[in-house]
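The structure appears below as structure tokens.
Heavy atoms only: backbone and side chains are in, while hydrogens, waters and symmetry mates are out. These figures come from a predicted structure and were not determined experimentally.
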Amino acid sequence: MLSKADLTQGSITGTLLRFTLPMIIGSLLQQCYNIADTLIVGQCIGSGALAAVGSAYTLMVFLISILLGLSMGSGTVFSLQYGAGRMKALRRSIYVSAVLIGTVTIVLNIAALSFIHPILKLLQIPDDIYQMMYDYLWIIFWGIGFTFIYNFYAALLRAIGNAVTPLYFLAISVVLNIGLDLFFILLLDWGIKGAAIATIIAQGVSALGIMGYTYARCPELRLHRNDLHFDRHCLKEITSFSTLTCIQQSVMNLGILMVQGLVNSFGSMVMAAFAAAIKIDSFAYMPVQEFGNAFSTFIAQNFGAKKYERIRKGVKSALITTIVFSLFISVLVFLFAKPFMLIFVAPHETEILNVGIGYLHIEGVFYCGIGILFLLYGYYRAIRMPEMSVILTIASLGTRVALSYWLAAIPSIGVTGIWWSIPIGWFIADMIGIIYYKYRKKLRSNDIHYSDTAYTERT
């Protein structure tokens, strides 16, 4: 039986939290791929390897964001069609989306393997870790296809309310990844290459597993012969949502990559501190990120079902939940910054520890800003306004990059300026998104109506 959740029925807060929980756990497990590499490499090989894997992770997130954005955009279309009960259109969209994203994956894989050296030079990778990072990336890039398969099927299953199945396959692959890390690095002494090989194998297991499950257990999603054609309207809708969401994800991670390049210019010690601290940072706000994704599915299903009052109540419930949770996590990270850093960094590496703690003491106060921003991304994507999510991303990342390079150039501020630029970017984007939401609400209260594609509902 297919496990599905109808997000158009039942208690709003309870439904959202139940749907979000397996997504949070799954996303945390997915982070464990690189966390396992970072932890084992940092403790068993050294700080140079830690810096190499950390910088490689930032680059991989940028590349994966392209596929993730395409899958998320397609997932929004899937949710809209599922909420409206249009199963034939859903299957046609699955085919169009798979061909589109699969083609992009092939092109991206070829490009990534062909331009490793120029990319590393652009990122200003220090000579002492250059070869290690090259070896790691050369292997990791061969797994981009597995990343596409997993994220595509995970987005499809979540779009119809099944957030549990992707979690199962991730759990299996993460355990496998950690076991292979230990085997390849400690027993076979394969070094950083072993960490990369372990990740590739584990990703392959999760990708092929979830694809096989979907075909075997979800007959209503199996493609029929008459589904295998490019309907012009379907192609336009998929391309519009996927491209804009892809642009959003790419812009977001391109900005992060540019900041990573600036961080690299401060040397391998700062790189290692940033590599460890950003893992803690990512874990800390991961739940609100996944809550934003679940919120987007909730809005999209109800938008497709034309349940506009439920959308309005969902917005209020999600905002309160996000603020409360973000404040709790902020206190936790601020108070326990040093113990968290010690998970990745040896106690005698005092310079790395101090830089990382400084980063977390700044970021740890402002998680509420990124929590609200994730809600805004999900909301505008679900109501057929993915272009607004792109605008918010550009505002956030543009501010972050500009401030980073400006403040870091001031000797009395230095690397600390990079840390402060991040929450400032979040809050500027939040203000733009909230002001626009209020503006549209005011227009609707004055009986200015929009077409179905422009969201005419009272929210």
Side-chain angles (χ1 to χ4, degrees), residues 54-55 57-66 68-69 119 122-124 244-266 270-271 273-286 288-289 292 322 326 329-330 333-334 355-378 380 387-410 412-436:
S55 287
Y57 172 74
T58 304
L59 176 59
M60 282 305 301
V61 167
F62 168 66
L63 295 177
I64 291 171
S65 71
I66 298 174
L68 181 60
I119 291 171
L122 182 65
L123 291 176
Q124 305 180 63
L244 286 171
T245 307
C246 176
I247 291 173
Q248 179 205 352
Q249 292 291 314
S250 299
V251 168
M252 181 186 303
N253 288 285
L254 177 61
I256 294 173
L257 197 60
M258 292 178 68
V259 171
Q260 177 72 60
L262 180 59
V263 169
N264 294 348
S265 68
F266 283 87
V270 174
M271 284 177 66
F274 187 65
I278 203 170
K279 299 299 180 302
I280 299 166
D281 205 26
S282 298
F283 260 102
Y285 63 67
M286 175 94 48
V288 292
Q289 181 176 15
T322 297
S326 297
I329 294 297
S330 288
V333 170
F334 187 86
V355 173
I357 292 169
Y359 172 93
L360 292 174
H361 278 172
I362 294 172
E363 299 300 293
V365 177
F366 298 109
Y367 289 138
C368 188
I370 195 169
I372 294 173
L373 188 55
F374 284 134
L375 288 185
L376 290 168
Y377 287 155
Y380 285 115
E387 66 278 4
M388 190 62 191
S389 294
V390 176
I391 292 172
L392 297 181
T393 301
I394 292 173
S396 174
L397 268 299
T399 300
R400 179 188 305 187
V401 172
L403 278 179
S404 291
Y405 279 83
W406 176 49
L407 294 175
I410 301 173
S412 60
I413 299 177
V415 74
T416 305
I418 303 176
W419 311 158
W420 276 107
S421 70
I422 298 173
I424 292 173
W426 293 340
F427 281 104
I428 287 177
D430 287 346
M431 290 300 100
I432 294 172
I434 292 170
I435 289 171
Y436 187 68

Completion exercise
Tightest non-hydrogen contact, residues L376 and A429, listed as CD1-O, 4.4 Å

Handout entry: Stepwise side chain to side chain contact (heavy atoms under 4.5 Å, CB included) test for W420 and L403
Key = CA-CA 8 Å; W420 276 107; L403 278 179; over 6 Å; no

Exercise for the section: Hey, could you give me the CG/OG distance between L373 and S389, rounded to the nearest 0.5 Å? Expected result: 9.0 Å

Exercise for the section: Please confirm whether the backbone N or O of L262 pairs with a side-chain atom of S265, one donor and one acceptor, at under 3.5 Å? Expected result: yes

Exercise for the section: May I ask you to test the I372-M431 pair for a side-chain heavy-atom distance under 4.5 Å? Expected result: no

Exercise for the section: Measure the shortest side-chain to side-chain distance between W419 and V263 over non-hydrogen atoms and say whether it is less than 4.5 angstrom. Expected result: yes

Exercise for the section: Using atom types as modelled and distance alone, determine if a side-chain donor or acceptor of Y380 lies under 3.5 Å from a backbone N or O of L392. Expected result: no

Problem - Minimal non-hydrogen separation, S330 against G364, with atom names - result: CB-O, 2.7 Å

Practice task
Hey, could you give me the OH/OG distance between Y405 and S421, rounded to the nearest 0.5 Å?
Solution key: 10.5 Å

Practice task
Provide the closest heavy-atom pair for G369 versus D430 in the form atom of the first, atom of the second, distance.
Solution key: O-OD2, 2.7 Å

Handout entry: Qualifying residue for side chain to side chain contact (heavy atoms under 4.5 Å, CB included) with L407, from I424, T416, I413
Key = I413

Exercise for the section: Determine whether I280 and F283 make a side-chain contact, defined as any pair of heavy atoms from C-beta on separated by less than 4.5 Å. Expected result: no

Problem - Minimum side-chain heavy-atom gap V333-Y367 below 4.5 Å - result: yes

Exercise for the section: Starting at CD1 of I370, measure out to CD of E363 and round the result to the nearest 0.5 Å. Expected result: 8.5 Å

Practice task
Kindly indicate whether the side chain of V365, heavy atoms from C-beta on, has any atom under 4.5 Å from the side chain of F334.
Solution key: yes

Practice task
Measure the shortest side-chain to side-chain distance between F366 and I422 over non-hydrogen atoms and say whether it is less than 4.5 angstrom.
Solution key: no

Problem - Pairwise side-chain contact, F266 with V355, heavy-atom cut-off 4.5 Å (strictly under) - result: no

Exercise for the section: Determine whether the aromatic ring centres of W426 and F374 lie less than 6.0 Å apart. Expected result: no

Practice task
Examine distances only and state if a side-chain atom of T399 and a backbone atom of G425 form a donor-acceptor pair shorter than 3.5 Å.
Solution key: no

Exercise for the section: First locate atom CD1 of I434, then atom CZ of F427, and finally report the distance between them rounded to the nearest 0.5 Å. Expected result: 9.5 Å

Exercise for the section: Side-chain contact test, heavy atoms from C-beta onward, threshold under 4.5 Å: evaluate it for F274 versus N264 and give yes or no. Expected result: no

Problem - Minimal non-hydrogen separation, L360 against A277, with atom names - result: CD2-O, 3.7 Å

Completion exercise
Correct closest heavy-atom pair for G371 and V288 would be CA-CG2, 3.9 Å

